[in-house]
Amino acid sequence: MTAEETRRPVRRALVSVYDKTGLEELAGGLHAAGVRIVSTGSTAARIAAAGVPVTPVEELTGFPECLDGRVKTLHPRVHAGLLADQRLPAHREQLEELGIEAFDLVVVNLYPFQLTVESGASPDECVEQIDIGGPAMLRAAAKNHPSVAVVTDPARYPDVLAAAAGGGFTLEERRRLAAKAFAHTAAYDAAVAGWFAQLDAAGPAEAAEGELFVENARLTFSLERVLRYGENPHQAAALYGDGSGTGLAAAEQLHGKEMSYNNYVDTEAARRAAYDHELPCVAVVKHTNPCGIAVGADVAQAHRRAHACDPLSAFGGVIAANRPVSVAMAEQVAEIFTEVIVAPGYEEGAVEVLARKKNIRVLRCPEPPAAATEYRPIDGGTLVQVTDRLQAPGDDPSTWRLAAGEPLPEGELAELAFAWRACRAVKSNAILLAKDGATVGVGMGQVNRVDSARLAVQRAGAERAAGAYAASDAFFPFPDGFEVLAEAGVRAVVQPGGSVRDEQVTEAARAASVTMYFTGTRHFFH
Ligand SMILES: NC(=O)c1ncn([C@@H]2O[C@H](COP(=O)(O)O)[C@@H](O)[C@H]2O)c1NC=O
């Protein structure tokens with residue numbers, strides 16, 4: 001059979017849509033192509049108001065819409081018309097005996113469950129927005145795609161009208177539409193299941209394992225756009241969204257070249273770094289590691305100090321701010337070759353200043369990082385974990401245990417707390433030196449803690465390392481890593497503690513007259 005021969009004319013359509021975009025044009029076009037339309041409640045009312053003939057579904061079923069719309073189309077007269085396989089004489093005969101007419105086209109879009117959840121609606125209101133009849137029709141029509149075409153997206157209406165006027169869809173087209181319909185209902189159900197799961201997921205400590213992690217995590221994401229390439233030019237890549245319409249994947253690009261795969265990865269890391277601080281904060285990131293993080297009285301000051309940590313590495317960096325970018329900060333950034341800048345907003349005139357550079361990508365992402373769980377695909381599956389965040393009490397300096405030396409006065413403890421928070425954004429093994437609320441030396445991603453310490457000290461230089469506040473993302477397994485810091489003259493060190501050799505490490509700290517605190521909390525970042 002040729003593709004042409006698989007076309008099925010559209011004679012009768014069932015239309016039931018929540019999103020009424022383009023409905024009048026669709027109905028008018030179908031009518032003009034000789035298609036008879038059956039429709040539900042307010043969809044039918046809109047079609048009729050547009051002067052297009054329409055049969056209300058109640059007329060077909062002989063049963064009124066009831067239970068506040070919970071039952072409208074859930075009726076054998078609807079579903080037999082959707083599920084009869086027109087290729088089978090037995091099905092055609094049964095329909096005739098039952099006095100039921102087949103549908104050739106179904107146009108349905110569903111109640112806005114996810115948007116309702118995001119609006120902060122009550123649980124009962126969210127539950128009411130779980131569409132039942134719509135998915136049933138979509139699934140029936142998609143299963144029966146040899147006989148029925150199914151459409152969920154108003155953007156596809158022009159194709160529908162072209163097909164209706166041109167002899168119908170081919171089998172291949174109907175199969176593609178069916179795949180889209182099943183993907184749509186799968187994503188819809190995943191959103192509903194995810195919502196139910198998070199109702200109970202108080203946190204890893206409180207929630208039973210079964211409540212936090214659903215049995216079937218068929219994760220669904222929707223294609224946002226195909227990227228130019230992946231991590232390297234020979235790797236194809238794309239950006240997918242989780243349907244929430246928020247976060248980095250949904251960030252608004254205000255200027256600059258198209259975002260690349262690596263831009264997204266680095267921007268994610270920069271936002272992680274910038275949002276860990278309550279004061280105005282700016283992080284400059286390269287290859288997912290910070291080359292500078294600083295807080296300040298305002299973002300311009302924070303940026304100057306973050307940049308000063310390592311100006312060499314900041315060239316071609318990705319910048320994140322946790323406050324709107326001011327014109328003063330934009331003026332500074334415009335002087336430095338920067339790949340991406342991301343912030344919750346931009347003060348008037350700031351984007352124009354940044355846009356003096358043709359290529360810098362300017363992103364507006366109003367929400368702080370919010371993902372509750374993180375996925376890391378592995379061959380044959382995926383790992384899932386609760387997202388690492390600053391913890392109460394372990395990340396609060398008032399709960400830290402003084403393990404060696406004199407306690408720090410309040411101001412110095414705040415300096416050490418800044419180092420600890422900033423260290424969370426550094427790839428393990430992480431050692432970070434800070435002074436005056438700004439990083440001065442970052443040692444990242446080494447396979448032993450001694451080399452990370454050396455790197456941090458080397459990057460800081462002797463002058464900045466002396467008297468600095470140091471943080472280590474995990475415990476020192478031996479005194480050697482700490483000793484590198486002590487030789488450089490750091491003032492204090494914060495680390496989780498918990499090594500079997502803690503006593504040797506704290507002894508070394510006492511011997512070097514360096515204050516050491518234990519947090520009891522670790523922040524590995526792989
Ligand atoms: N209950 C049913 O039988 C039913 N049939 C269709 N719907 C949905 O009702 C909406 C359209 O309703 P209306 O035409 O009344 O605006 C569509 O989103 C459709 O998916 C239903 N609603 C919920 O399940």
Is the OH atom of Y261 crowded by more than 12 outside heavy atoms at less than 6.0 Å?
-> no
Regarding H523 and D388, is there a side-chain donor-to-acceptor distance under 3.5 Å anywhere?
-> yes
Atom CZ of F337 with >12 non-hydrogen neighbours under 6.0 angstrom | yes
Please answer whether the main-chain N or O of Q129 pairs with a side-chain N or O of T116 as donor and acceptor at a distance below 3.5 Å.
-> no
Within the side chain of R8, is there an N or O that forms a donor-acceptor pair under 3.5 Å with the backbone of A149?
-> no
Donor-acceptor pair, R174 side chain versus T6 backbone, under 3.5 Å?
-> yes
Crowding at CD, E252 (>12 non-hydrogen neighbours, <6.0 Å) | yes
Taking 4.0 angstrom as the limit, do D473 and R449 come out as a salt bridge?
-> yes
Stepwise side chain to side chain contact (heavy atoms under 4.5 Å, CB included) check, I431 with N429 | CA-CA 7 Å; I431 298 283; N429 293 317; over 6 Å; no
Please confirm whether the backbone N or O of G345 pairs with a side-chain atom of R364, one donor and one acceptor, at under 3.5 Å?
-> no
Tell me whether the centres of the aromatic rings in W420 and Y517 are closer together than 6.0 Å.
-> no
Measure the OH-CG distance between Y469 and L416 for me, rounded to the nearest 0.5 Å.
-> 8.5 Å
How about H287: does its NE2 atom have over 12 heavy atoms from other parts shown lying under 6.0 Å from it?
-> no
Flag yes if more than 12 heavy atoms outside R139 fall under 6.0 Å of its CZ atom; otherwise flag no.
-> no
Should the pair R272-E268 be classified as a salt bridge under the 4.0 Å nitrogen-to-oxygen rule?
-> no
Lys/Arg-Asp/Glu bridge criterion (N-O < 4.0 Å) met for E173, R7 = yes
Does a sphere of radius 6.0 Å around CZ in R228 hold more than 12 heavy atoms from other residues, nucleotides or ligands, not counting ones at 6.0 Å or beyond?
-> no
Heavy-atom neighbours of F524 CZ exceed 12 at 6.0 Å | yes
Closest non-hydrogen atom pair, E415 against K435 | OE1-C, 3.7 Å
Under 3.5 Å donor-acceptor, N359 side chain and K257 backbone = no
Mark yes when over 12 heavy atoms from residues, nucleotides or ligands other than N232 sit less than 6.0 Å from its CG; otherwise mark no.
-> yes
Step by step, would you call N109 with T21 a side chain to side chain contact (heavy atoms under 4.5 Å, CB included)?
-> CA-CA 11 Å; N109 61 57; T21 309; over 6 Å; no
Given T288 and K427, is the side chain to side chain contact (heavy atoms under 4.5 Å, CB included) satisfied, shown in steps?
-> CA-CA 8 Å; T288 70; K427 293 280 177 133; 3.5 Å; yes
